[in-house]
There are 2 protein chains.
Amino acid sequence: MKEEKLLLSSQICFPIYSVSRLLTKAYKPHLEDLGITYPQYLVLMVLWENDKVSVNQITEKLLLNTNTMSPLLKRMEKMDLVNRVRSKEDERIVIIALTDKGRELKTKALPIPDRLFDEIVTDKVEIDDMLKLKDTLCQLITVLTVKNEVSVRSE
Amino acid sequence: MKEEKLLLSSQICFPIYSVSRLLTKAYKPHLEDLGITYPQYLVLMVLWENDKVSVNQITEKLLLNTNTMSPLLKRMEKMDLVNRVRSKEDERIVIIALTDKGRELKTKALPIPDRLFDEIVTDKVEIDDMLKLKDTLCQLITVLTVKNEVSVRSE
DNA sequence: CACGCTTATGTCGTGCACGATGCAAATATA
DNA sequence: TATATTTGCATCGTGCACGACATAAGCGTG
């Protein structure tokens with residue numbers, strides 16, 4: 001009875017996990033032109049939208065932890081994409097700011113979303129399906145992050 | 001005009017990437033009871049469905065490469081979950097077989113899908129949405145894997 | 001049979017993710 | 001004003017992912 005639920009084909013998590021990896025791979029050739037990885041691209045998107053933010057603000061937007069973000073930002077600093085400066089008001093806070101090079105990458109990045117969209121949305125996958133997909137995923141994020149916070153709090 | 005497409009909120013890839021990580025995290029406490037990780041759980045699901053298969057057959061089902069699978073399987077061998085034996089007909093092929101311990105884990109794993117389902121599908125996320133989600137994701141997998149194979153072939 | 005090509009698996013280096021832990025600055029509390 | 005607690009960031013260790021490359025076994029063709 002329950003047997004069938006252990007089939008790979010019945011799982012919902014597996015397709016998400018696979019699509020996530022496949023999409024990152026689809027981004028790769030485009031991002032290689034800019035010399036960056038997908039997580040680095042995410043950080044840049046946050047900064048292009050809002051420059052000079054704390055490490056914490058970035059992790060909150062990207063739902064990542066500081067122990068992932070810190071080394072990532074250090075690599076990006078070494079690549080001269082961002083600067084890391086400690087705030088003078090609160091010495092604990094590190095402010096991340098775009099360098100000129102990081103700011104300029106935005107121009108190169110502009111056509112990427114459209115290019116990927118063209119690759120993905122074909123006769124097989126419709127726009128409406130993608131919008132519905134995004135909708136459900138965002139609901140899932142809400143459920144999963146709340147659940148996570150609650151379980152952390154209740155320790 | 002195109003500016004808005006670089007907003008994190010307009011991206012489809014980001015929610016998939018986030019949900020993938022959050023779901024793996026949601027699996028974690030359940031899988032820790034079995035002493036395994038999520039990718040190891042995926043390998044076991046393949047083997048529970050079809051024991052004694054080649055490394056290649058596993059990578060094809062999980063859409064992973066051998067350079068990810070080989071170390072993963074070695075760790076699982078060290079944990080006494082699987083055996084790795086070279087085929088006698090074709091010395092290149094390595095056959096992966098469940099150990100008794102690996103087979104027995106299936107019983108412990110049976111209730112996991114239902115438990116996760118209960119955590120995720122609440123008043124916020126409906127069953128129909130999840131089924132539709134899975135549907136679209138599988139279509140995406142088709143598009144993305146074909147695209148990948150074609151681009152490899154055309155080199 | 002020799003030689004080139006393909007196939008199956010593996011190694012290496014790099015970059016995430018993340019739990020556990022550390023540490024110093026800021027803040028709350030006695 | 002001491003001391004405890006919280007907060008922000010970082011380090012460490014482990015386990016994926018994956019591109020590039022290595023290697024050995026099998027296969028095809030001359």
Side-chain angles (χ1 to χ4, degrees), chain A residues 17-29 31-32 35-43 53-60 62-79 81-82 84-96 148 151-153 155, chain B residues 17-29 31-32 35-43 53-60 62-79 81-82 84-96 148 151-153 155:
Chain A
Y17 160 80
S18 298
V19 169
S20 176
R21 285 186 304 103
L22 291 170
L23 271 180
T24 305
K25 210 181 279 187
Y27 262 101
K28 196 154 201 177
L31 295 179
E32 268 172 356
I36 57 175
T37 66
Y38 183 69
Q40 289 167 8
Y41 172 64
L42 292 180
V43 171
V53 291
S54 71
V55 174
N56 223 0
Q57 285 172 303
I58 299 178
T59 61
E60 274 171 23
L62 300 184
L63 307 176
L64 288 164
N65 295 328
T66 55
N67 51 6
T68 299
M69 198 48 71
S70 288
L72 211 166
L73 291 170
K74 278 198 170 179
R75 280 188 290 271
M76 291 179 75
E77 189 184 36
K78 204 174 279 178
M79 296 161 74
L81 294 173
V82 300
R84 289 159 63 249
V85 185
R86 282 210 177 262
S87 162
K88 278 167 189 168
E89 293 88 51
D90 188 335
E91 288 279 345
R92 294 170 303 179
I93 296 174
V94 171
I95 300 293
I96 306 298
N148 211 355
S151 67
V152 168
R153 272 182 226 284
E155 270 170 19
Chain B
Y17 161 79
S18 298
V19 169
S20 177
R21 286 185 305 104
L22 291 169
L23 271 180
T24 306
K25 211 182 278 188
Y27 262 101
K28 195 152 203 180
L31 295 178
E32 268 173 358
I36 57 176
T37 66
Y38 183 69
Q40 289 166 8
Y41 173 63
L42 291 179
V43 171
V53 291
S54 72
V55 174
N56 224 0
Q57 285 173 303
I58 299 178
T59 61
E60 274 171 22
L62 299 184
L63 307 175
L64 288 165
N65 295 327
T66 55
N67 50 7
T68 299
M69 198 47 72
S70 288
L72 211 167
L73 290 170
K74 278 197 172 181
R75 280 189 290 272
M76 292 180 75
E77 188 184 38
K78 205 173 278 178
M79 296 161 73
L81 294 173
V82 300
R84 290 161 59 250
V85 185
R86 283 213 175 260
S87 162
K88 278 168 189 168
E89 293 88 52
D90 188 336
E91 288 279 344
R92 293 171 303 179
I93 296 173
V94 172
I95 299 294
I96 307 297
N148 210 357
S151 67
V152 168
R153 270 182 229 282
E155 269 169 21

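Every chain is numbered from 1, with letters handed out A, B, ... down the list of sequences. This is a predicted model, so every value here is computed, not measured.
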So what does [X] touch, heavy atoms closer than 4.0 Å: a base, only the sugar-phosphate, or nothing?
X: A/Glu89; result: sugar-phosphate
X: B/Gln57; result: nothing
X: A/Ser54; result: sugar-phosphate
X: B/Thr68; result: base
X: B/Thr37; result: sugar-phosphate

| query | Quick one: is D/dT6 close enough that its OP1 or OP2 comes under 4.0 Å of any side-chain N or O from A/Arg92? | reply | no
| Distance check: side-chain N/O of B/Asn65 vs OP1/OP2 of D/dG19, anything under 4.0 Å? |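 Indeed, a polar side-chain atom of B/Asn65 lies that close.
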| Just by modelled atom types, is the B/Asn56 backbone N or O under 3.5 Å from a matching donor or acceptor in the B/Thr59 side chain? |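 Yes; judged by distance alone, with no hydrogens or angles, the pair exists.
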| message | Has A/Asp90 got a side-chain atom pairing as donor or acceptor with A/Arg92's backbone, closer than 3.5 angstrom? | response |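 Checking the backbone N and O of A/Arg92 against the side chain of A/Asp90, a donor-acceptor pair under 3.5 Å is found.
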| Are any non-hydrogen side-chain atoms of B/Arg21 and B/Thr24 less than 4.5 angstrom apart? | no
| Are side-chain heavy atoms of B/Gln40 and B/Leu31 found at a separation under 4.5 Å? |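 No. Closest side-chain heavy atoms not under 4.5 Å.
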| query | When the nearest nucleotide of DNA chain D is assigned to A/Glu32 and to A/Pro71 on a heavy-atom basis, which residue is associated with the more 5' position? | reply |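 Here A/Pro71 is the residue nearer the 5' end.
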| Residue mapping more 5' on DNA chain D - nearest nucleotide basis, A/Val94 or A/Tyr17 |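 By nearest-heavy-atom nucleotide position, the 5'-most residue is A/Val94.
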Atom [atom1] of [X] and atom [atom2] of [N]: how far apart are they, to the nearest Å?
X: A/Ile93; N: D/dT6; atom1: CD1; atom2: C1'; value: 13 Å
X: A/Arg86; N: D/dT7; atom1: CZ; atom2: C1'; value: 12 Å
X: A/Arg75; N: D/dA10; atom1: CZ; atom2: C1'; value: 13 Å
X: A/Leu73; N: D/dG8; atom1: CG; atom2: P; value: 16 Å

| query | Where does the angle between the aromatic ring planes of B/Tyr38 and A/Tyr17 fall among parallel (under 30°), tilted (30 to 60°) and perpendicular (over 60°)? | reply |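 Perpendicular: the ring planes of B/Tyr38 and A/Tyr17 meet at over 60°.
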| task | Under 4.0 Å from any heavy atom of chain B: name the first and the last nucleotide of DNA chain C that qualifies, 5' to 3'. | result |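 Under 4.0 Å from chain B, the extent on DNA chain C is C/dT7 to C/dG19.
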| request: Please step through side chain to side chain contact (heavy atoms under 4.5 Å, CB included) for the pair B/Met69 and B/Leu62, ending with a clear verdict. | output: CA-CA 10 Å; B/Met69 198 47 72; B/Leu62 299 184; 3.9 Å; yes
| said: Reading DNA chain C from 5' onward, which residue's closest nucleotide shows up sooner: A/Leu72 or B/Met69? | reply: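 So the residue in question is B/Met69.
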| request: Starting from the 5' end of DNA chain C, give me the residue, A/Tyr38 or A/Asn67, whose nearest nucleotide shows up first. | output: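 Between the two, 5'-proximity favours A/Tyr38.
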| message | Using only modelled atom types and a 3.5 angstrom limit, is any donor from either the side chain of A/Asp90 or the base of D/dG8 paired with an acceptor on the other? | response | no
| query | Nearest 0.5 Å, what's the NZ-CZ distance between B/Lys74 and B/Arg84? | reply | 5.5 Å
